Amino acid sequence: VVAWNTIIQALAINGDLRGAREMFDRMPFKDVISWTTMTEAYFQHCRFDQARVLLGQIPQLDVVTWTAMIVANAESGDLLSARDLFNRMPQRNVVSWTAMVSALAQAGDLIEARKLFDSMPQRNSISFNAMIVGYSQQEDLKEAKGLFDGAPEWDLVAWTALLQAQAARGKLQDAIELFDEMPQRDAVVCTAMIAAYASNGHLDEARSIFDTMHEKDAVAWTALTAAYAHAGHLEHSKTMFDSMPLQDTVVCTVMVAAYGDSGDVLAARSVFEKMPVKCTAAWNAVVQAYAQRGHMRDFRKLLARMPEHD
RNA sequence: UGAAUGGGCUUUAA
């Protein structure tokens with residue numbers, strides 16, 4: 001059973017839902033892990049109908065299954081169902097509590113998230129982090145700091161979230177001090193620091209963080225590329241972009257927007273057309289480039305090609 | 001073997 005479950009999980013991660021389902025149907029014995037893995041796979045690939053059908057057929061749900069379903073519903077935007085599942089589940093552990101708190105916080109309902117957090121029977125540092133991140137995203141530095149100070153221990157997640165809240169509130173010095181005092185730094189927190197410097201107008205410092213990074217991933221490259229673009233240094237953006245090992249949809253969107261802002265709609269369009277997959281942000285950026293320059297004919301032509309828009 | 005937390009892009013206003 002363990003081997004089958006592992007294969008199902010691997011196929012699902014690869015996006016091969018059919019293959020996963022085939023294994024699932026063929027396995028001689030299914031345990032609760034098999035059912036949970038398959039159901040979660042459907043949710044994660046937005047096959048909600050099939051997910052719900054399977055969910056209704058699970059012989060027994062354990063606390064992991066319930067929690068996974070809470071997360072799946074919340075991620076699909078259905079917070080009410082998530083909360084309903086949470087209220088109905090027979091047993092809850094610290095993971096299920098934290099999952100629900102995080103779902104509320106991610107949805108921006110920090111009031112409700114805090115209420116639940118305060119009523120948790122047990123909290124661990126991940127529970128605290130979920131709240132810190134929620135407050136940070138709301139740019140509520142006061143509450144973020146309060147929970148940070150009350151957390152049982154601090155890790156990169158907590159530091160990164162607090163750093164972002166400080167940067168968002170213009171407390172660059174505090175962010176720098178926090179960053180300098182961290183016992184560990186990884187690519188994520190370095191990228192957050194790049195963004196912190198850049199959004200507070202310190203491009204050179206942003207650059208030097210980037211230069212000292214050991215493992216520069218696509219996100220770090222993009223952060224600095226976007227920093228130059230937002231500061232109007234199109235040439236620097238272009239240089240970064242051209243030397244990037246892998247140009248994903250996000251950095252392409254950065255360049256579309258950058259060219260659009262500089263008035264070079266042709267260049268914006270050219271980057272856009274070369275994108276193998278066009279995300280919504282890219283569509284918005286290219287459409288905006290045309291609209292801003294009053295190219296209404298092309299603007300309308302593009303709108304007609306957009307998958308969906310309001 | 002399955003569940004919870006952090007970084008980069010677009011979206012005229014304050």
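Note that the coordinates shown come from a computational prediction; the quantities given were computed from them, not determined experimentally. Note on naming: letters A, B, ... go to the chains in the order of the sequence lines (proteins, then strands), and numbering restarts at 1 for each one.
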Checklist entry - A:Asn93 side chain: which of B:rG8, B:rU1, B:rA3 is closest? => result B:rA3

Checklist entry - How long is the line joining OH of A:Tyr228 and C1' of B:rC9, in whole Å? => result 17 Å

Checklist outcome for this item: Ranking B:rG6, B:rA4, B:rU10 by distance to the side chain of A:Val188, first place goes to B:rG6

Item to check | Heavy-atom closest pair, residues A:Met193 and A:Leu172 | outcome: CE-CD1, 4.2 Å

Next on the checklist: Check for me whether the distance between the ring centres of A:Trp35 and A:Phe24 falls short of 6.0 Å.
Outcome noted: yes

Checklist entry - Rounded to the nearest Å, what distance is computed from the CD atom of residue A:Gln9 to the C1' atom of nucleotide B:rA3? => result 11 Å

Item to check | Sugar-phosphate, base or nothing in reach of A:Val133, heavy atoms under 4.0 Å | outcome: sugar-phosphate

Checklist entry - Does A:Arg305 pair with A:Glu273 as a salt bridge, N-O distance under 4.0 Å? => result yes

Item to check | Nearest to side-chain heavy atoms of A:Leu156, which nucleotide of B:rG6, B:rU10, B:rA4 | outcome: B:rG6

Checklist entry - A:Ala218 near the nucleic acid: base, sugar-phosphate alone, or nothing, with a heavy-atom cut-off under 4.0 Å? => result base

Item to check | Any N/O donor-acceptor pair, A:Asp31 side-chain to B:rG2 base, under 3.5 Å | outcome: no

Checklist outcome for this item: Ranking B:rG6, B:rU10, B:rU1 by distance to the side chain of A:Val189, first place goes to B:rG6

Checklist entry - Looking across every strand, which nucleic acid part, if any, lies under 4.0 Å from A:Val95 by heavy atom: base, sugar-phosphate, or nothing? => result base

Checklist entry - Going by modelled atom types, is there a donor-acceptor pair between the base of B:rG8 and the side chain of A:Thr222 at under 3.5 Å? => result yes

Checklist entry - Taking atom OG1 of A:Thr67 and atom CG of A:Asn93, what is their separation to the nearest 0.5 Å? => result 5.5 Å

Item to check | Residues A:Glu22, A:Arg18: salt bridge by 4.0 Å N-O rule | outcome: no

Next on the checklist: Using a distance-only criterion (donor-acceptor N/O pair, under 3.5 Å, no hydrogens), is the base of B:rA3 paired with the side chain of A:Asp62?
Outcome noted: no

Next on the checklist: Base of B:rA4, side chain of A:Asn129 - is there a donor-acceptor contact under 3.5 Å?
Outcome noted: no

Taking only N/O atoms, report every protein-nucleotides 11-14 of chain B pair under 3.5 Å with atom names and distance.
{"residue": "B:rU11", "atom": "OP1", "partner": "A:Gln288", "partner atom": "OE1", "Å": "3.4"}

Checklist entry - According to the interplanar angle, ranging from 0 to 90°, do the rings of A:Trp154 and A:Phe148 count as parallel (below 30°), tilted (30 to 60°) or perpendicular (above 60°)? => result parallel

Checklist entry - Between A:Arg269 (CZ) and B:rU10 (C1'), how many Å, whole number? => result 17 Å

Item to check | Nearest-neighbour nucleotide for the A:Val250 side chain, B:rG6, B:rU1, B:rC9 considered | outcome: B:rC9

Checklist entry - A:Asn124 side chain: which of B:rG7, B:rA4, B:rG8 is closest? => result B:rA4

Checklist entry - Rounded to whole angstrom units, what separation is found between the CZ atom of A:Phe148 and the P atom of B:rU5? => result 19 Å

Next on the checklist: Within the 4.0 Å heavy-atom criterion, would you say A:Ala187 contacts the bases, only the backbone, or no part of the nucleic acid?
Outcome noted: base

Checklist entry - For A:Trp66 and B:rA4, what is the distance between atoms CH2 and C1' respectively, to the nearest whole Å? => result 17 Å

Checklist entry - Nearest to the side chain of A:Thr6 - B:rG7, B:rU1, B:rU10? => result B:rU1

Checklist entry - Side chain of A:Asp186, base of B:rG7: donor and acceptor closer than 3.5 Å? => result no

Checklist entry - Just how far, in rounded Å, is C1' of B:rG7 from CZ of A:Phe210? => result 14 Å

Item to check | Salt-bridge criterion met for A:Glu112 and A:Lys115 (N-O under 4.0 Å) | outcome: yes

Checklist entry - With a 4.0 Å cut-off on heavy atoms, is A:Ala281 in touch with a base, just the backbone sugar-phosphate, or nothing at all? => result base

Item to check | Whole angstrom value for the distance that separates P of B:rG6 from CG of A:Leu147 | outcome: 15 Å

Item to check | Separation of B:rG6 P from A:Phe128 CZ (nearest whole Å) | outcome: 17 Å

Next on the checklist: Students often get this wrong, so: under 4.0 angstrom with heavy atoms, is A:Ala103 touching a base, only sugar-phosphate, or nothing?
Outcome noted: nothing

Checklist entry - Do any N or O atoms from the side chain of A:Lys216 and from the backbone of A:Met213 form a donor-acceptor pair under 3.5 angstrom? => result yes

Item to check | Selection from B:rC9, B:rU10, B:rG6 that lies nearest to any side-chain heavy atom of A:Ala285 | outcome: B:rU10

Checklist entry - Among B:rA4, B:rG2, B:rG7, which nucleotide sits nearest the side chain of A:Glu40? => result B:rG2

Next on the checklist: Classify A:Val101 by what it touches in the nucleic acid, base, sugar-phosphate, or nothing, heavy-atom distance under 4.0 Å.
Outcome noted: nothing

Item to check | B:rG8 base / A:Asp248 side chain donor-acceptor hit below 3.5 Å | outcome: yes

Next on the checklist: Whether A:Gln106 contacts B:rG6 is assessed here as follows: a side-chain N or O lying under 4.0 Å from the phosphate OP1 or OP2. Is that the case?
Outcome noted: yes

Next on the checklist: Classify A:Thr65 by what it touches in the nucleic acid, base, sugar-phosphate, or nothing, heavy-atom distance under 4.0 Å.
Outcome noted: base

Checklist entry - For the hydrophobic clusters of this structure (ILVMFWY residues joined by side-chain heavy atoms under 4.5 Å, transitively), does one cluster hold both A:Ile8 and A:Tyr42? => result yes

Item to check | Remaining members of hydrophobic cluster (4.5 Å side-chain criterion), A:Ile33 | outcome: A:Val32

Checklist entry - Base, sugar-phosphate, or nothing for A:Thr36, non-hydrogen atoms under 4.0 angstrom? => result base

Item to check | Closest to the A:Thr191 side chain, choosing from B:rG8, B:rA3, B:rU5 | outcome: B:rG8

